[in-house]
Amino acid sequence: MTTVIDGKQVAASVIEAVKSATQALEADAGVRPGLAVVIVGNDPASHAYVSSKSKMAKECGFQSVQHTLPEDTSQDDLAALVAKLNADASIHGILVQLPLPKHLNSEPIIQSILPEKDVDGLHVVNAGKLATGDLEGGLVSCTPAGAMVFVRQTHGEDLSGLNAVVIGRSNLFGKPMAALLLAANATVTTAHSRTKDLPAVCRNADILVAAVGRPEMVKADWVKPGATVIDVGINRVSAPEKGEGKSKLVGDVAFGEVEKVAGVITPVPGGVGPMTIAMLMANTVIAAYRKAGRKPPRF
Ligand SMILES: Nc1nc2c(c(=O)[nH]1)N[C@@H](CN(C=O)c1ccc(C(=O)N[C@@H](CCC(=O)O)C(=O)O)cc1)CN2
């Protein structure tokens with residue numbers, strides 16, 4: 001029997017743990033976690049994600065601040081806002097929603113966030129800590145941290161002897177996911193658009209993680225029977241079966257056929273996606289604990 005992971009349910013249990021940790025920190029140190037979310041421009045999907053983040057931060061008991069900047073915001077104005085948030089002692093986490101409008105360069109903006117407030121885990125200091133196996137000292141990118149919760153629930157803490165394949169090598173997901181799997185002792189292959197015979201590489205995986213942004217690319221005959229398949233893709237495709245002009249979300253995995261082969265699989269929607277926001281809340285509470293000189297809980 002294949003297990004279909006319920007990402008909403010797992011995310012809800014992370015959120016409950018974040019709420020308890022927030023209450024404990026306020027009671028113990030008088031500190032309320034503060035999260036600032038910055039969005040530039042008019043992208044509707046980004047606005048939906050940001051309003052979910054701000055709403056969830058409030059639900060967790062945080063001080064939640066949202067900065068909505070116009071499409072024509074300059075690089076200097078955005079940098080000035082980040083500098084202001086860096087200097088604000090009531091803000092423990094800063095997140096700049098990606099992608100930014102095309103005229104802005106995201107890299108210097110991300111690198112200007114103080115590493116201890118970089119709740120997206122994208123600063124080179126946090127990426128470097130993860131790459132060197134320091135999982136306690138830094139902040140880990142939210143989507144891979146969430147995917148890793150599923151992996152731990154399925155296989156436990158120690159992945160010794162298991163082959164893991166991550167398809168995709170982005171800084172936001174593929175590289176940190178590979179580093180997390182390696183830190184848990186898996187034998188890790190990072191595959192990408194230049195990988196030769198990708199289906200054969202994937203068939204070797206006990207844990208297969210797809211993050212390429214190509215709708216339903218991973219087919220049943222790419223998957224080892226019984227493997228754990230984590231789908232990170234979120235692709236909007238047309239769905240004429242739902243009516244003219246209608247669309248639906250699909251992952252990078254052809255769920256209908258892969259479900260019959262995999263041992264464990266995440267759906268899209270309702271798999272890794274909800275964990276992204278839950279782990280952002282977890283990172284914010286971790287940052288607040290550290291600022292207060294307290295040992296943060298593990299999520
Ligand atoms: N600064 C960042 N920007 C972006 C990140 C990020 O982690 N940091 N990730 C994505 C977008 N994202 C959060 O920002 C995100 C994507 C998807 C979901 C989610 O819950 N998806 C649902 C489906 C939602 C829908 O119906 O459209 C699901 O998969 O079930 C949450 C957050 C890019 N930008």
Side-chain angles (χ1 to χ4, degrees), residues 4-12 14-15 35-41 43-57 59 64 66-69 78 81-82 85 93-101 104-113 117-123 126-127 130 139-150 168 170-177 180 209-213 215-216 230-237 239 242 246-253 255 265-284:
V4 180
I5 291 178
D6 183 343
K8 280 190 184 165
Q9 196 178 61
V10 182
V14 172
I15 291 298
L35 174 64
V37 178
V38 179
I39 178 161
V40 187
D43 180 68
S46 291
H47 273 272
Y49 296 139
V50 162
S51 64
S52 299
K53 288 173 185 185
S54 298
K55 188 167 159 252
M56 187 60 82
E59 268 179 53
S64 171
Q66 185 176 320
H67 292 270
T68 305
L69 304 183
L78 181 56
L81 174 60
V82 170
L85 295 169
I94 303 170
L95 177 136
V96 177
Q97 187 65 25
L98 300 173
L100 288 172
L104 294 173
N105 185 355
S106 59
E107 205 44 37
I109 297 295
I110 288 163
Q111 301 310 329
S112 72
I113 298 172
K117 295 193 180 190
D118 165 40
V119 281
D120 244 344
L122 295 176
H123 194 282
N126 287 318
L130 178 57
L139 291 162
V140 178
S141 183
C142 305
T143 310
M148 205 58 200
V149 172
F150 297 155
S170 68
N171 292 340
L172 192 62
F173 186 82
K175 285 176 190 150
M177 187 72 219
L180 286 168
V209 187
V212 270
E216 303 183 314
I230 312 268
D231 191 351
V232 184
I234 297 179
N235 310 289
R236 189 160 285 285
V237 297
K242 290 171 75 183
K246 295 283 180 194
S247 67
K248 64 176 179 183
L249 286 184
V250 298
D252 292 347
V253 174
F255 184 88
I265 189 166
T266 64
V268 176
V272 174
M275 292 300 282
T276 300
I277 293 177
M279 297 318 285
L280 172 66
M281 302 304 134
N283 275 349
T284 305

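All ligand and atom numbering here is 1-based and tracks the order in the structure.
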Report summary line: for atom 4 (C) of ligand 1, nearest protein heavy atom and its distance come out as Gln97 NE2, 3.5 Å
Query - Proximal ligand 1 atoms for Pro269, defined as those under 4.0 Å from one of its heavy atoms - result: 23 (C), 28 (C), 29 (O), 30 (O)
Query raised in the report: Which ligand 1 atoms does Lys53 reach within 4.0 Å, using its non-hydrogen atoms?
Result: 13 (C), 14 (O)
Query raised in the report: Can you tell me if Asp120 has a non-hydrogen atom under 4.0 Å from ligand 1?
Result: yes
**Report entry** Side-chain heavy-atom pair Phe150, Ile230 within 4.5 angstrom cut-off
**Finding:** yes
Query raised in the report: Counting both backbone and side chain atoms, is some N or O of Tyr49 under 3.5 Å from an N or O of ligand 1?
Result: no
Query raised in the report: Do Pro99 and Ser46 touch side chain to side chain, with heavy atoms closer than 4.5 Å?
Result: yes
Query raised in the report: How many angstroms lie between atom CG of Leu122 and atom SG of Cys142, to the nearest 0.5 angstrom?
Result: 8.0 Å
Query raised in the report: Nearest protein heavy-atom contact for atom 5 (C) of ligand 1: which residue, which atom, what distance?
Result: Leu172 CD2, 4.0 Å
Query raised in the report: Is it true that a side-chain atom of Ser141 and a backbone atom of Leu172 form a donor plus acceptor pair closer than 3.5 Å?
Result: yes
Query raised in the report: Leu98 to ligand 1: N or O pair under 3.5 Å?
Result: yes
Query - Donor-acceptor under 3.5 Å (His47 side chain, Gly41 main chain) - result: yes
Report task. Examine distances only and state if a side-chain atom of Ser112 and a backbone atom of Ile109 form a donor-acceptor pair shorter than 3.5 Å. Result -> yes
Requested in this report: For Gly273, counting its heavy atoms only, list the atoms of ligand 1 lying under 4.0 Å from any of them.
Outcome: 18 (C), 19 (C), 20 (O), 21 (N), 28 (C), 29 (O), 31 (C)
Query raised in the report: Which is it for Leu249 and ligand 1 at heavy atoms under 4.0 Å: side chain, backbone, both or neither?
Result: side chain
Report summary line: Counting from 1 in the order shown, the ligand 1 atoms closer than 4.0 Å to a non-hydrogen atom of Val96 are 1 (N)
Query raised in the report: What do you think, any protein heavy atom under 4.0 angstrom from atom 10 (C) of ligand 1?
Result: no
Query raised in the report: For Glu107, does the CD atom sit with more than 12 other heavy atoms under 6.0 Å from it, leaving out its own atoms?
Result: yes
Query - Residue pair Leu35 / Met281, side-chain heavy-atom distance below 4.5 Å - result: yes
Report task. Report yes if Gly270 has an N/O atom closer than 3.5 Å to an N/O atom of ligand 1; otherwise report no. Result -> yes
